[in-house]
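Proteins come first, then strands; the chains are lettered A, B, ... in the order of their sequence lines, and each starts at number 1. Quick note: numbers below take in every heavy atom, side chains included, and nothing from hydrogens, waters or symmetry partners. Predicted, not measured: the structure shown is a model, and the values here were computed from it.
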2 protein chains.
Amino acid sequence: MEGTIRCAANYVPLSPISFLERSAVVYRDRLSIVYGDHVNFTWRQTRDRCVKLASSLASGFRISPGEVVAVLAPNIPEMYELHFAVPMAGAVLCTLNIRHDSKMISTLLKHSAAKLVFVDYQFIDVAKGAIKIMSKSTATVPQLVLIPDSLEHLPRSQSGIIEYEALLTMGNLDFEIRTPGDECDPITLNYTSGTSSPKGVVYSHRGAYLNSLAAVLLNEMQSMPVYLWTVPMFHCNGWCLSWAVAAQGGTNVCLRTVTAKGIFKCISRHQVTHMSGAPTVLNMIINVPATERLPLPAKVSVMTGGAPPPSQVVFSMEQLGFNVFHSYGLTETYGPGTVCTWKPEWNSLPSETRAKIKSRQGVNHLGIEEVDVKDPVTLKSVPWDAKTIGEVMFRGNTVMNGYLHDEKATQEAFKGGWFRSGDLGVRHSDGYIELKDRSKDIIISGGENISTIEVESVLFRHPAVLEAAVVGRPDDHWGETPCAFVNLKEGYELTGDELIAYCRKNFPHYMAPRTVVFEELPKTSTGKTQKFLLREKTKAMGSLPARGKSKL
Amino acid sequence: MEGTIRCAANYVPLSPISFLERSAVVYRDRLSIVYGDHVNFTWRQTRDRCVKLASSLASGFRISPGEVVAVLAPNIPEMYELHFAVPMAGAVLCTLNIRHDSKMISTLLKHSAAKLVFVDYQFIDVAKGAIKIMSKSTATVPQLVLIPDSLEHLPRSQSGIIEYEALLTMGNLDFEIRTPGDECDPITLNYTSGTSSPKGVVYSHRGAYLNSLAAVLLNEMQSMPVYLWTVPMFHCNGWCLSWAVAAQGGTNVCLRTVTAKGIFKCISRHQVTHMSGAPTVLNMIINVPATERLPLPAKVSVMTGGAPPPSQVVFSMEQLGFNVFHSYGLTETYGPGTVCTWKPEWNSLPSETRAKIKSRQGVNHLGIEEVDVKDPVTLKSVPWDAKTIGEVMFRGNTVMNGYLHDEKATQEAFKGGWFRSGDLGVRHSDGYIELKDRSKDIIISGGENISTIEVESVLFRHPAVLEAAVVGRPDDHWGETPCAFVNLKEGYELTGDELIAYCRKNFPHYMAPRTVVFEELPKTSTGKTQKFLLREKTKAMGSLPARGKSKL
């Protein structure tokens, strides 16, 4: 409109860096980070530490805008600081999964062209191994920066490697923060986990800003929350809560190793209000020995995701005083993209029905403009009949910029103007989405689709079952038959036949597992079962003997 | 970064329209709007009504993207719907102040080049008068659309004028919503009030989106709040809560006329959680007769602004069970831009100190990147010493696009890359801002700056004083002396000399009013005292007789 202009006064590129700058004033003397018994910082201190670190990166290490700085660390204070300090230097933070081995780390460092890697002392050998592998094939390897244990003050045995605090000491508090020229500039690089060929998912300042606010709202976080770090920050930047907690001037309670005992201790000591975690974390909590359980000071809100939480798990968590809500998303959607928004009228339903509804993926949060279940070919929306299966698709500002160095895969993922999740689901009459399976996980047996999630949820309800995962087993006659991998609770005994009989009581015979394997399940660092490893096992098993088939 | 792309899947222009689209699914069957005893809608209905209305505007009335549609109405459901329907047609909503007369309305309609004006039945004569004035000088006058009273179902006496519901009936639910091509495109036009030459402040889709989320957070609004409309929607689009309530799937409780009785009735009946209002509204509440007061079902959060709330008013409100928090901003900052964020450690302070702190303007909310108090010439920040006065300046995405048809004024307002508020203030040692005066309101007496806000706050603490405003009175010797306009509470008596004596006990003689006038204060529709009218009165008074001066 005539008379208006765009200038520094009324247009500032969106970036989570603003959250830290603001909290350093608004929440100046409030605790930003606590860790163990002795480590704690205020928001003013955190901001100053991040500025100094950014200055060191920009001046001392000559990191240029757009270059990649990697980190290999658990949920420690330095990991949190890097989420601001690296972007403040104009660089892109690449968070590496601490479960990876040297080989995988070397692959990712090479792919990302990281200039620098911050490494927690626990993982220094893995990092050194990665550098060694790299140096065989390339002249330019990234420099390592050691993060010693701020709790233990271990003797410095890593001579020759520069240390984290040294960078801070070198830093200049007057450094002018490098804010993004374009808010769509990259802020972080998250490699997808769980599959054999990881992809580098690029997040933008704009997306991170908007998803942080969406995360605040979907977690119903009022100002100054106390957030316990039980979801890895290296996964989707902690579902973007790394930045969201700064937006609300909250306190980050860091935790190196996630144990039920540690969780209860932190909640009790710091009056934790919010936490997140995959169903495995919830499982850990509900199976805690009574001696390690402490009473909750108040309701603790727990966002779960990564896999649908079994009804039984939700139910047990609520009995302990946690308020569980279920979200769903992918690395490509900055973590959670939908949430099973709770309707007050559901409160009066029987607890089992409530838990069942809670395990639905729900509806889009504010950052995602649209989520839909569509026919992947025609892009037509499926009817809201809770039956017709389609692919879950997303559209919005909190969908990734794309896959680094792989425009073909990016184009493929965005074909038709929607991000295709690869997940299959239905839509209930109220618009809520329920996942049925990953497109690659669904079992097709004798032409029938079997949702492995449905089979797993029945297995989970069995009192002896701690964990379960179902995959297809190749079959000469049926194509595939369901095979269950089950981990029993301690002290319980059960035979495969007993479990199969139990399943057959709960749904049609063709859906019940034909094979049961009792063993611990292979997991990603975020608690997702690695089904591709289980599928390799069933492939090796081959077809069931023909005799069994007539029984179906 | 190489491999990434920008497309419909990962970039959507920010617009509050998205809030409505999402709430129509997520909060589908929840109440969006209630009004009186019989009018209520769900979010699904509100969305459908807005789409139909938008379709009528676009097709029936051929409103083109970027054209202006005006509205002259109080806080009724139709006013709320227009906040979405007009932008959904790609048009710009111009909300007119219902206190304006035909002449002013004609000026604004002409300046904005509005094509259409929606008019509430109460103001139809004002609107007709404006059209009559316009038709004398121009051939193209805007068309009127009548909004009859949905509560009373008055007989249709306005024959010849098309009615609101007729537009809906004409509308097509399949209409494709016109989302903005650029998120910085204009969404609304708000004329500033209170001064003699109104300026047309242009808001953008982006600013409205971001300010709505900031409003949700600064109001500590969880999902599904119940919001009572006691701040006019025609003022800064209801401080952007028109859109914010949709973002959280809340219920809008509409109120044609703001009375204490009506407020208590609505709170009690609809379990109101949040409301807002100028200090005049708070004054109305605390002075309610006991017979009209109803117990609050729960704590009600009240955002106040427009003028600093006197300590006594905050104190009385809290005794009634309201939680008052103070925000500050201008039409140019989409309403509130700062908020006096409460620190838990302040809870233990004496109530008077608490109320005093509460009257500070505080710190920037999330939508504003930076607020500062600066020397208007050098742009240097003032020290945080609570003493040095400077001009309050803003920078961020929730600062206006500019003034319509007045690029010179826009450039002036944004000189140096900051929006200059024209308000004078100091910064406390914790970074909180406290306003001392409007640059044009401050009194300079014998070379001393006198903050009229400080004088007023002392007057307000006097038990007999209902309202007070202080302006300078021209003086031959001192330049100016303070003159107090005071409105006493019913049943109280007080002389000017008594009040002056009281003031002299509370601060230096030169700050105490030299003149006291007892009368009702002239106000804008948003409850701001119109000091320019009082200044006209003191100008007419002339200088005080010389005798009085020696006493100083």
- Query: For A/T4 and B/L404, what are the C-alpha separation, side-chain angles and deciding distance, and is it a side-chain contact (heavy atoms from CB on, under 4.5 Å)?
  - Reply: CA-CA 6 Å; A/T4 66; B/L404 182 65; 5.9 Å; no
- Query: Which bit of B/R44 comes within less than 4.5 Å of chain A, counting heavy atoms only: side chain, backbone, both or neither?
  - Reply: neither
- Note on the structure: Okay, B/E21 and chain A: the region with an atom under 4.5 Å from a heavy atom over there is neither
- dist B/K343:NZ -> A/R28:CZ (nearest 0.5 Å) comes out at 8.0 Å
- Contact class of A/V371 relative to chain B, heavy atoms under 4.5 angstrom: neither
- Message: Ignoring hydrogens, what is the shortest heavy-atom contact between A/R395 and B/A8? Give both atom names and the distance.
- Response: CG-O, 3.0 Å
- Checking heavy atoms, do the side chain of B/V202, its backbone, both or neither come under 4.5 Å from chain A? side chain
- Message: Only pairs of heavy atoms separated by less than 4.5 Å count here; which of A/G402, A/G396, A/G362 has the most with chain B?
- Response: A/G396
- Does a salt bridge link B/R206 with A/E183, judged by any charged N lying under 4.0 Å from a carboxylate O? yes
- When only pairs under 4.5 Å are counted, which of B/E370, B/M1, B/M393 shares the most heavy-atom pairs with chain A? B/M1
- Task: Select one option (side chain, backbone, both, neither) describing which atoms of A/E220 are under 4.5 Å from chain B's heavy atoms.
- Result: both
- Task: Could you tell me whether the side chain of A/C7 reaches within less than 4.5 Å of the side chain of B/Q411, counting heavy atoms only?
- Result: no
- Pick one of side chain, backbone, both or neither for B/N364, based on which atoms fall under 4.5 Å of a heavy atom in chain A. both
- Message: For A/E2, is there an ion pair with B/K408 - N to carboxylate O distance below 4.0 angstrom?
- Response: no
- Task: With rounding to the nearest 0.5 Å, note down the distance linking OH in A/Y209 to CG in B/L210.
- Result: 5.5 Å
- Task: Step by step, work out the side-chain contact (heavy atoms from CB on, under 4.5 Å) result for B/E407 and A/I5.
- Result: CA-CA 8 Å; B/E407 193 175 325; A/I5 55 176; 3.9 Å; yes
- Task: Tell me, out of B/L366, B/D430, B/T410, who's got the most heavy-atom pairs with chain A below 4.5 Å.
- Result: B/L366
- Between CD1 of B/I17 and CD of A/E369, what distance do you get to the nearest 0.5 Å? 10.0 Å
- For B/N10 against A/F414, the heavy-atom pair lying closest together: ND2-CE1, 3.5 Å
- With a 4.5 angstrom heavy-atom cut-off, could you sort out which part of B/V68 is near chain A: side chain, backbone, both or neither? side chain
- Message: For a quick test of reading the model, state the closest non-hydrogen atom pair linking A/L217 to B/Q248 and the distance between them.
- Response: CD2-NE2, 4.0 Å
- Note on the structure: Honestly, the part of B/Q222 sitting under 4.5 Å from a heavy atom of chain A is both
- Stepwise, does the side-chain contact (heavy atoms from CB on, under 4.5 Å) test hold for A/T341 with B/Y27? CA-CA 9 Å; A/T341 300; B/Y27 304 105; 4.2 Å; yes
